[in-house]
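Structure, as C-alpha cells:
Keep in mind it's a predicted model, so treat the numbers as computed, not measured.
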Amino acid sequence: MENARNVLVIGGNRYFGKRLIARLRDEGHRVSVLNRGSSPPPDGVEHLVADRDDEHSLTGALGSRVFDVVVDQVCYTPRQAALARRVFSGRTRRYVMTSTVEVYEYEDSPALVREEAVDPAKVTVDLELPWDDPVFLESHYGEGKRQAEAVLAADGPALPYTAVRVAHVLGGDDDFTGRLAHYAERIRTGEPIAVPVANRPATYIHVEEIAGFLAWAAGEAFTGPVNAASHGTLSTEELCEAVAAHVPGGRPVFRPVDVGEVSPFSFRRSYGMDNTRAGRLGFAFADARQWLPRAVAETLGKGD
C-alpha cells in the first residue's frame, strides 16, 4: 500500500493473523485490532475489546470510528457476516474476509479449481441452522464459509468486499495444528501413516506468504472471491519426505485405506486451487516446493 491507511483487523491474535497485524503496522498503517480481550495486540496497535457476535458490543467498541479497510479473520458463519454487513456498511470502503479452500469441498477435479466453481451469489443462505453450536460449526466449516461469502455478495447496502480463499497453511514455529508434528511422530516411531488408496495432492501457502497476501489484498480495489495458494501442488508423500529429513533414520511408512480416518494432508479428492486471478491482479506467489523445507524446519523447531 502506497499511502497509510486506517485498518481494522477482527481477530488475528495467532498464526498468520498476528503476522498480518505486524506487517501492516510496520508498513506504516494505522492498525486497530478487535477481539474479546484475551490477547493484546503488539505495541503500536490500538486494541478494541468486543464480542464480534454481539452487535451492541461491537458498535459500542467501534464508536464513531471509520476505516479504509476491515480485515475479518474470524468470520465463520452467515450470521456473523450479516452482522458485519450491518455494522460496517458505510463505515469502511473495503471489507476483506479470510475464507478457505474448504468452500470447494464438493469439487473434485484433476484441474486446479478456479473461483467461479463456487459463486457466492448462487449459494443458498440459511440463518436458522444451528451456527452457534460448536459441534455443528466444526462439521460444517466449509458450508459456513460459503454462506458467509454469500451474505457479503448479496444485494443491499454497499460493502465492497473480497473473500480470500486460503490454501492449507504451513510454516512457522507457532503452527498450532500439530499436523506436521503428527507426521514426525509416526516417522520417528515407524507407525504407519494412513492415506487414501487414491491419495490426491493439494495446494499450500507459507504462513508468511498468506500474511503478505492479505496485507496486499487490503490495499487493492478488486472485489469477489480470490484464491490464495503458492504455485504447485504437494502430495502427502512429499510432505512426509520433507519431515523425514528432520528425523534421524526416519522413513515414512504408508498404509493405504479404503474407508475410515486418514492422516492430515491426505485427501480422497483433488484439493488444488488455481491462483491465476490473483496473479493477474498483481500478486506474485512463490513455488511451494521451494519453501517447503524451510516451513518444515520452522515448524519442527529446527529453523535457522
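The closest donor-acceptor contact from the side chain of E143 to the backbone of H140 lies at 3.5 Å or more, if one exists at all.
Both the sub-6.0 Å distance and the 45° axial angle are satisfied by R269 relative to the ring of Y271. In this structure, R93 forms no cation-pi arrangement with F67, as its terminal cationic atom is not both closer than 6.0 Å to the ring centre and no more than 45° off the ring axis.
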Original post:
Is there a side-chain contact (heavy atoms from CB on, under 4.5 Å) between E46 and R30 once you walk through the steps?
Top reply: CA-CA 8 Å; E46 181 186 30; R30 298 180 296 277; over 6 Å; no
Subject >> Test salt bridge (charged side-chain N to carboxylate O under 4.0 Å, His left out) applied to R52 and D72, step by step >> reply: CA-CA 10 Å; R52 65 90 35 80; D72 194 341; 2.8 Å; yes
**OP:** Might you work through the side-chain contact (heavy atoms from CB on, under 4.5 Å) test for V169 and D175, ending with a clear yes or no?
**Re:** CA-CA 9 Å; V169 183; D175 179 355; over 6 Å; no
**OP:** Would you sort out whether E149 and K145 count as a salt bridge (charged side-chain N to carboxylate O under 4.0 Å, His left out), showing the intermediate values?
**Re:** CA-CA 6 Å; E149 288 190 26; K145 287 288 192 178; over 6 Å; no
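Just one residue in the list L127, V123, T77 forms a side chain to side chain contact (heavy atoms under 4.5 Å, CB included) with Q147, and that residue is V123. Of the listed residues (F213, W291, Y15), just one forms a ring pair (Phe, Tyr, Trp, His ring centres under 6.0 Å) with H206, and that residue is W291. Each of V66, L83, I10 was evaluated against F88; a single residue qualifies, I10, per the side chain to side chain contact (heavy atoms under 4.5 Å, CB included) test.
D274 CG to E115 CD: the interatomic distance, rounded to the nearest 0.5 Å, is 7.0 Å. Put simply, CD on E105 and CZ on R146 are 4.5 Å apart, with the number rounded to the nearest 0.5 Å.
By the 4.0 Å N-to-carboxylate-O rule, D174 lies close enough to R19 to be salt-bridged with it.
In summary, the side chains of N227 and Y104 do present a donor paired with an acceptor at a separation below 3.5 Å, with no hydrogens or angles considered. Between the side chains of H182 and R186, a donor-acceptor pair is found at a separation under 3.5 Å. Of the N and O atoms on the side chains of N35 and H47, at least one donor lies less than 3.5 Å from an acceptor on the other residue. Side chains of N199 and S266: a donor-acceptor N/O pair is absent below 3.5 angstrom, by distance only.
Remark: aromatic rings of W131 and Y141 are distant, center separation not under 6.0 Å. A ring-centre distance under 6.0 Å is found for H168 and F267.
Using cut-offs of 30° and 60° on the angle between ring planes, the pair F285 and H231 is perpendicular.
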